[in-house]
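Reading through the structure tokens given below for one structure.
A note on names: the letters A, B, ... follow the listed sequences, proteins ahead of strands, and every chain is numbered from 1. Everything numeric in this text was worked out from a predicted model, so none of it was measured.
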Amino acid sequence: MPQTNFIQAINQALSEEMRRDPNTFLMGEDVVLAAFGATKGLIDKFGPSRVRNTPISEAGFVGAAVGAAMAGARPICEVEFASFFYCAFDQVCNQAAKLRYMSGGQASLPITFRAVYGAMGGAAAQHSETVYAQFLSVPGLKLVVPSSPSDMKGLLKSAIRDDNPVIVFEHGALGRLREEIPEGDHLVPLGKAAIKRAGDNVTVIAIGAMVPKALRVADKLVKESISVEVIDPRTLIPLDETALLESVEKTNRVVIADEGHLRGGAAADIAALIAEQGFDHLDAPIKRVTALDVPIPFSPPLEKAAIPGEDRIEAAIRDLMGR
Amino acid sequence: MPQTNFIQAINQALSEEMRRDPNTFLMGEDVVLAAFGATKGLIDKFGPSRVRNTPISEAGFVGAAVGAAMAGARPICEVEFASFFYCAFDQVCNQAAKLRYMSGGQASLPITFRAVYGAMGGAAAQHSETVYAQFLSVPGLKLVVPSSPSDMKGLLKSAIRDDNPVIVFEHGALGRLREEIPEGDHLVPLGKAAIKRAGDNVTVIAIGAMVPKALRVADKLVKESISVEVIDPRTLIPLDETALLESVEKTNRVVIADEGHLRGGAAADIAALIAEQGFDHLDAPIKRVTALDVPIPFSPPLEKAAIPGEDRIEAAIRDLMGR
Amino acid sequence: MDITKDKLLEMYRSMQRIRHFESKIRDLATANEIPGFVHVSIGEEASAAGICAALRKTDRITSTHRGHGHLIAKGGRLDKMMAEIYGKRGGYCKGKGGSMHIVDFSLGILGANGIVGAGLPIATGSALAAQVAGRDDVTACFFGDGASNEGTFHESLNLASVWKLPVIFVCENNGFGEFTPMRTVTSVSDIAVRARAHDLPGVIVDGNDVLEVFKVASEAVARARAGEGPTLIECKTYRWEGHVVGEAAILGEYAYRSKEEVDSWKLKCPLIRFEKWCAENKKIDAGELQRIVTETEKELDEAIAFARSSELPAASEVTDDVFA
Amino acid sequence: MDITKDKLLEMYRSMQRIRHFESKIRDLATANEIPGFVHVSIGEEASAAGICAALRKTDRITSTHRGHGHLIAKGGRLDKMMAEIYGKRGGYCKGKGGSMHIVDFSLGILGANGIVGAGLPIATGSALAAQVAGRDDVTACFFGDGASNEGTFHESLNLASVWKLPVIFVCENNGFGEFTPMRTVTSVSDIAVRARAHDLPGVIVDGNDVLEVFKVASEAVARARAGEGPTLIECKTYRWEGHVVGEAAILGEYAYRSKEEVDSWKLKCPLIRFEKWCAENKKIDAGELQRIVTETEKELDEAIAFARSSELPAASEVTDDVFA
Ligand SMILES: Cc1ncc(C[n+]2csc(CCOP(=O)(O)OP(=O)(O)O)c2C)c(N)n1
Ligand SMILES: Cc1ncc(C[n+]2csc(CCOP(=O)(O)OP(=O)(O)O)c2C)c(N)n1
Ligand SMILES: [Mg+2]
Ligand SMILES: [Mg+2]
């Protein structure tokens, strides 16, 4: 089977789902020419009514996606860099997330948002945000952070079919990762974690771009007979709490690796879950490996220092193992 | 000494600091007539140039506060309900919080934002948000959540004098709480927690409106010889980690009470800190008492069910004590 | 333009239903029988009635914090609205929404909204959905003069204009945003002027004249339905009551506008004006109008009875309806 | 209006410094010697130079992602800019900002900005600070045609107009936002029209004619300084290069505009035009202009040498500068 990268995986998912459901349409800044490549060629397949370049008006077009969903469409709305969600936070947090609940369940809002997040090499503070932490406390949203092309395709397809607002995050530095993707209608359900590597001594819960890093560390440490289990929640909302807690029950030690910040980040969210529900299985403190609490700096050595690398995952594991 | 309520405390702080520093000025929607009362009479003291009603343009005037601070002023910017920050999230998260760091320390941004948050009785989902959780992961901001009039006055005065963007949150249902405020230039430093009640068996870390609730529960349980320590972080950034950890070291049991949501909330953030740095002192799981993960509903019985009440704080304490 | 008698009766009924409903809501909120913030639209009935009379059932509307009137004019049921405002399970949103968040999807009411300016992108998107699906439904979007200072106003007008979306932007200019006079925070005195910034027609209409509103709305709807794009209609009007029920208790009476000003607008009551017009033009006799009033009183009484007798939601319902 | 020879030389030097700097940056980025996203403004030099020539040192500017030119024209040092773009410690922001975030407070440069439309409220606030403090400093705000579709554009114009703030809004209309032609996403063909939505003067100027830009800017600055409020100036111009350096490698050459179109604008080069004008009007002789070119080349060489020899920041510096 051919190797597929992230961008191609996204393109396949969009193409298949837009073909499958004529209620879907795509909009966002420059989706026609596809700055990042993911939406390339869709204009030829689906035409200008279903593939629309928007003005640079995030609040306007994100809000329009909300309205379109309320009126029976199934919009796929791209927000280039996840940091630009800040320009449309009301539309996501106060409208999309809440309208169903506030209407007593009358409204259904099948919207898929896509955005690129994370430090990708010199994009600097305003373009490198790991924004998902700020959506965690907004009931009504689903949050998807795939770590591989195959998961991306399967999760994005599920997101598009979901009847709720779902945000699918794509790490800006994972674009070249390649793998085989199962043929056919490959779906990955929202809310199922994946054990990316089984192990016995320490659980590493890794999110998004941290998954490949954690796997490399696990590869390395196995030579020293440290057996690391790498588990990827894949979706932060809904969160597969059972899978995470079961892993901790097995290993009794946990590191949570996330590119977001330490304070108020997704790692804190998962740590709190385990400290509450998995406490009795823990033999050691819950370690977090995250970005430093600074805006992401521009200069490469500073950026590298700010975001969590393999060295820090390894150090955390060794610390827990006393080695 | 006279009893002062929250609104009066804010008014005093604003009035004193605006008199003290001619670089300060106040702007926001309806600050002249003062919908909530806190800014009442300031127009008469400081005139229309320093007390300005803005258009309903949150991104515009919050961004203007940022620009004014960069140009040497010390703006105090009111955003009525904290939920309206969503309309100005870029200006707070991507501009105010980051400009100093991105400029390599050239810019200093002495801005004080004020906003009312929380469930206040039928304000419904779009006006009842506990927004501070979403600013926790934004390095560069300071977050203040006072629980009493005296703290409000002292913290707000410190916030105005601080050279960084500080957001001061005021719970919408605490307006009538009264207490004596020390005379003179009453300042409470940012970053110092307050032990609101000392105790030995369980620590309750309570934020904002949860503090009076926790104190009432502590009052009740002392009759059953359960000694509850109630500690109020007062500022979430900077966080007085030492004080929180010391309390846990003493009591070995902790409940975190916050009106924000469970997932991704301020309670999760503090729980993660303790699970990492206070783990060895813990005898029991870290309990969180928070709002349910639903948008805050309108109808009074639903609102009551959604937000954390004294009953739930009490239950969590009893659970930890095995009683 | 000739308006049929049925249309005239429909508009009058709308205005009466709004006036009765809002007056009652004001009294109930003043008496603390209703929780939360309540904004009523007494004095502004003609714009809601005139615009919605130009719409058909499959057309949609978005509304605001001051939304009861729009919802009623689009056919909203008084009983379910009243029950919602009481926070009862029998309400439109099972008590989860309240005054600022009432929705009726079956009538194309996409909702009141507590966030100023939030309805504009939603209405634009609703019109976009119609265009993508090839249906000719129109969406009308109500908002205030204050909302026209939000960026979403301009972003929506631009998007709707570029894509020629079937949407009618209806600015109810009542001269105030909360307690702040429009002229102190808005650079222009006519919001309609702002249409030019987005190359769409901007029309000013006497918002207290339901017939004029209906005429202008009908043209805009026809344009939209024909694929010719959006229109901005500015209805000049006034709210008789405070911004929010209960404000006088905090601010005092006439804290930001004079009694004379308020009284002068009461003389321009859209209902009385319509009644006079009917009498002068011998269109509808007073008895027929009076019957509508009587029917409306009855409808309102029943709505209140329904709301009062409806149950409060159970605490266990709090977790329902977050996700589909 | 008579422009002094010093002013003419100043503007020419600005344009040359921009052209040289940007051309070099393009080459360095193409050669991967510079990290991150880089946007250059070749072809748009006249608007930066003409506007900033009308400002004094205590006046302030805000800029955009395509900001090098504005910063240079306001007096930014090429060496510290270059070092910043290299991510070096000797850069304006110690390497923390990069191309999109350069700031020089001592020169009133409040910063480039990576967020489209974000500079407008900041500029408005900068002007507000001047007004509150009773100083007569003016703030100029650069932004693109694309940015004029952001709500912040309108919110800022409205605020500045209502409060008569000393700010000049400068729209550099180059016809594109990224790869999207303006006409497909913008409802009007002249951004200046949008000034009317906020009751301020809107002026269109040939953005490749530095003399015209300077004249219009001088009038706007005088107005602002005199307390008469803001002006919107639309400079019609064009970017010769791609939106971002390296885009052709992804999209191919001429993916969204024709070679003919690009070439036709190169014929309108603002520098050549100015040189011709000098020759025709015998204002400045060619030798004097040539000396500026030579000096600029030397300044640039030194800037690159400075940037290359400056150290990268140490990892330990990452936690500095978050809080004051
Ligand atoms: C984004 C946002 N900002 C502020 C408010 C508070 N607020 C509620 S209504 C209102 C005034 C709105 O004025 P206008 O749009 O003219 O409508 P009107 O009340 O006059 O009908 C304000 C400021 C809000 N709900 N949402
Ligand atoms: C809020 C926001 N949305 C989108 C982007 C991505 N982006 C960067 S530059 C650009 C185009 C800007 O166009 P224009 O304002 O005309 O400036 P120009 O690039 O033509 O100078 C876009 C869409 C951004 N940086 N910020
Ligand atoms: Mg109004
Ligand atoms: Mg442009």
Check: [Y] and [X] side chains under 4.5 Å, non-hydrogen atoms:
X: A:Q134; Y: B:S137; answer: yes
X: A:P139; Y: B:H261; answer: yes
X: A:D90; Y: B:Q126; answer: no

Distance check, rounded to the nearest 0.5 Å: [X] atom [atom1] versus [Y] atom [atom2]?
X: A:C93; Y: B:F85; atom1: SG; atom2: CZ; result: 14.0 Å
X: B:D269; Y: A:L262; atom1: CG; atom2: CG; result: 7.5 Å
X: A:M102; Y: B:I296; atom1: CE; atom2: CD1; result: 12.0 Å
X: A:D293; Y: B:L136; atom1: CG; atom2: CG; result: 9.5 Å

Open item on the list: For the interface with chain A, which of B:F135, B:Y101, B:F84, B:F298 has the highest count of heavy-atom pairs at distances below 4.5 Å?
Closed with: B:Y101
Open item on the list: Let's test your reading of the structure: which of B:A291, B:A125, B:A88, B:A267 forms the most heavy-atom pairs below 4.5 Å with chain A?
Closed with: B:A125
- [ ] Flag the one option from A:A275, A:A266, A:G264, A:P285 with the top tally of heavy-atom pairs under 4.5 Å to chain B.
- [x]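 The answer is A:P285.
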Task: Backbone N/O of B:I270 and side chain of A:R263: donor-acceptor pair under 3.5 Å - done: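 Side chain of A:R263 to backbone of B:I270, a donor-acceptor pair under 3.5 Å: no, none is there.
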Please classify the contact between [X] and chain B as side chain, backbone, both or neither, with a heavy-atom cut-off of under 4.5 Å.
X: A:A124; value: neither
X: A:L282; value: both
X: A:V138; value: side chain

So for [X], is it side chain, backbone, both, or neither that comes closer than 4.5 Å to the heavy atoms of chain A?
X: B:I274; answer: neither
X: B:E129; answer: side chain
X: B:F279; answer: side chain

Open item on the list: In terms of relative ring orientation, are B:Y86 and A:F89 parallel, tilted or perpendicular, with 30° and 60° separating the classes?
Closed with: tilted
Task: More than 12 heavy atoms from other groups under 6.0 Å of NZ on B:K250 - done: yes
Task: Salt-bridge criterion met for B:E276 and A:K287 (N-O under 4.0 Å) - done: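 A salt bridge is absent here (no side-chain N lies under 4.0 Å from a carboxylate O).
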